[in-house]
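Treat the numbers as computed from the prediction; the structure is a model and nothing was measured. Just follow the structure's listing: the first ligand is 1, and inside any ligand the first atom is 1.
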Amino acid sequence: MAAIEKRSRDAWQNLDSSHHLHPFTDHKALTEKRARIVARAEGVYIEDVDGKRILDGMSGLWCVNAGYGRDELVDAATAQLRELPYYNNFFQCAHPPSIELAATLTQLAQPQFNRVFFAGSGSEANDTVVRMVRRYWDLQGQPGRHTIISRKNAYHGSTVAAASLGGMKPMHRQSGLPIPGIEHVEQPYWFGSDRSLSPEEFGVEAARSIERKIREVGPENVAAFIGEPVQGAGGVVIPPDTYWPEVQRICDEYGILLISDEVICGFGRLGSWFGADHFGTRPDFMPFAKGVTSGYLPLGGVLVADRVADVLIDKGGEFFHGYTYSGHPVAAAVAIANIELLKRENLIARVRDDIGPYLAARWQTLADHPLVGEARMIGLMGAIEIVADKTTLERFDEQREAGVVVRDICIEEGVILRAVGDTIICAPPFTLTYAEADVLVDTARLALDKARRKLERAKP
Ligand code: PXG
């Protein structure tokens with residue numbers, strides 16, 4: 001084993017506080033609370049340094065789709081590390097893993113996709129998209145088409161361009177974002193609306209906010225629209241069925257490119273290879289990451305449709321863009337093994353027809369809880385909305401942090417769920433058993449019961 005010393009939890013926590021800057025973290029708060037030190041994992045369970053096991057209802061960060069402890073992936077990485085641990089794909093070089101993975105991915109995707117550009121993460125994938133979209137329109141002799149339309153509360157990553165595409169206001173405020181040429185429109189979040197329209201009407205209306213923005217900016221200035229098939233980090237926002245068909249119509253009508261951000265939905269999360277397949281859209285770009293390797297190694301990329309790739313290749317000459325780790329051989333080998341594993345164990349069909357519907361039915365039972373305003377799930381991606389008043393669906397005062405209260409109890413009771421404001425979300429591994437699904441939902445209910453007592457007691 002590698003030379004990482006054995007230390008006590010305390011020692012790890014002290015070292016962590018002293019030296020480690022975490023992503024998306026308030027360090028003063030963390031220093032007080034201390035980090036959970038995760039030491040190992042197996043199946044759908046993680047284990048901390050004290051040996052406490054917790055069911056990982058979030059697949060790490062929406063990525064460990066095949067579950068932990070998969071020898072197939074470990075073996076693929078080890079073999080590739082021995083054979084060729086690194087070489088680049090620059091300067092007219094390539095290697096078998098990057099080539100094989102590129103070919104494999106295009107077979108999984110819709111027929112318009114025959115090319116892939118590799119990156120190291122979802123953020124890098126989306127930066128790549130921004131550059132390719134604008135380059136495409138330049139080469140088409142329409143350099144005015146610069147604007148990319150995205151949605152409020154979208155998450156597309158944390159680099160400067162990806163955070164700009166995202167619609168997270170607190171992120172924008174901290175760094176003078178977004179960069180020029182990005183516009184944000186309504187998200188298809190029916191529960192978060194005034195609910196005066198039916199979900200079906202609301203879906204069309206949310207899509208039409210894109211059309212209104214196109215008219216406002218001028219169609220000759222609009223390059224593309226980007227959206228997650230189901231918004232993940234924004235709180236598992238499942239669009240009404242009417243939404244994506246209308247988005248596709250609008251993109252077609254105004255001739256703008258459609259980007260389906262598949263970083264979470266890709267590789268089976270919705271019970272199909274890609275979210276675009278589920279909703280029937282025909283995207284021009286599909287950025288992906290996370291589930292492509294089940295998170296075992298970092299890898300991202302962009303599937304590029306022929307109508308774009310042909311222009312970039314035929315008219316573009318050299319495209320000045322790439323990363324040291326574009327198509328990293330070990331990450332690519334793990335991705336190939338992971339895709340094989342998803343196929344061999346029929347895990348995506350399992351999400352669609354078996355564990356997905358089972359967990360959804362169990363999750364739906366939470367809807368009767370006094371704290372729950374709505375329970376929803378698609379594939380293996382779910383949310384419950386915490387409300388103070390079940391009849392009016394009024395939220396708790398923000399300062400009460402009701403979502404955090406529920407989440408913290410849930411983790412204490414042995415299941416990791418996430419809080420996005422007062423929305424509690426889950427996205428467990430595809431290998432979740434029925435018994436583990438029961439644990440997840442029973443623990444969520446227990447946490448809701450305990451949270452209710454706590455929130456009532458603390459009532460002003
Ligand atoms: N697109 C989408 C749809 C994502 O969910 C990214 C792009 C960026 O990927 P990278 O690999 O650069 O992180 C993501 C990432 C959360 C959370 O709190 C979600 C993500 C990342 C970190 C936290 O739900 N999604």
Inset, instruction - State plainly whether the residues K213 and E186 are in salt-bridge range, i.e. N to O under 4.0 Å. - result: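 No, no charged N to carboxylate O under 4.0 Å.
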Any atoms of ligand 1 less than 4.0 Å from a non-hydrogen atom of [X]? List them with their elements.
X    : answer
A233 : 16 (C), 19 (C), 24 (O)
S121 : 11 (O), 12 (O)
E228 : 3 (C)

Inset, instruction - Let me see the working for M168 and N153 under side chain to side chain contact (heavy atoms under 4.5 Å, CB included), right down to the final yes or no. - result: CA-CA 5 Å; M168 304 272 177; N153 207 32; 3.8 Å; yes
Suppose we measure from [atom] to each protein heavy atom; which comes out shortest, and what is that distance?
atom                    : value
atom 1 (N) of ligand 1  : D261 OD2, 2.8 Å
atom 2 (C) of ligand 1  : Y155 O, 3.3 Å
atom 11 (O) of ligand 1 : G122 N, 2.9 Å
atom 5 (O) of ligand 1  : I264 CD1, 3.2 Å
atom 20 (C) of ligand 1 : K290 NZ, 3.3 Å

Inset, instruction - Could you tell me whether ligand 1 has any atom less than 4.0 Å away from a heavy atom of M58? - result: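 The answer is no, since M58 has no heavy atom less than 4.0 Å from ligand 1.
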Distance-only criterion, 3.5 Å: show the donor-acceptor pairs between side-chain atoms of residues 335-343 and protein atoms not counting sequence neighbours.
| from | atom 1 | to | atom 2 | distance (Å) |
| --- | --- | --- | --- | --- |
| N338 | OD1 | S294 | OG | 2.7 |
| N338 | ND2 | G291 | O | 2.9 |
| N338 | ND2 | V292 | O | 3.0 |

May I ask you to check whether over 12 heavy atoms, not counting those of [X], lie within 6.0 Å of atom [atom1]?
X    : atom1 : result
K169 : NZ    : no
R36  : CZ    : no
D241 : CG    : no
Y68  : OH    : yes

Inset, instruction - Give the ring-plane orientation class for Y323 versus F117, where under 30° counts as parallel, over 60° as perpendicular and anything between as tilted. - result: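 Judged by the thresholds at 30° and 60°, the geometry between Y323 and F117 is perpendicular.
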Per-residue contact class, [X] against ligand 1 - non-hydrogen pairs under 4.0 Å:
X    : answer
R418 : side chain
N126 : side chain
L61  : side chain

Inset, instruction - Identify which of F24, W62, F288 has a heavy atom lying nearest to atom 24 (O) of ligand 1. - result: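 Looking at heavy atoms only, the winner is W62.
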Legend entry - Atom pair CZ (R376) and OG1 (T423), whose distance is rounded to the nearest 0.5 Å: 6.0 Å
Inset, instruction - Looking only at distances, please establish whether an N/O atom of ligand 1 is found under 3.5 Å from an N/O atom of S123. - result: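 Between S123 and ligand 1, an N or O pair is found under 3.5 Å apart.
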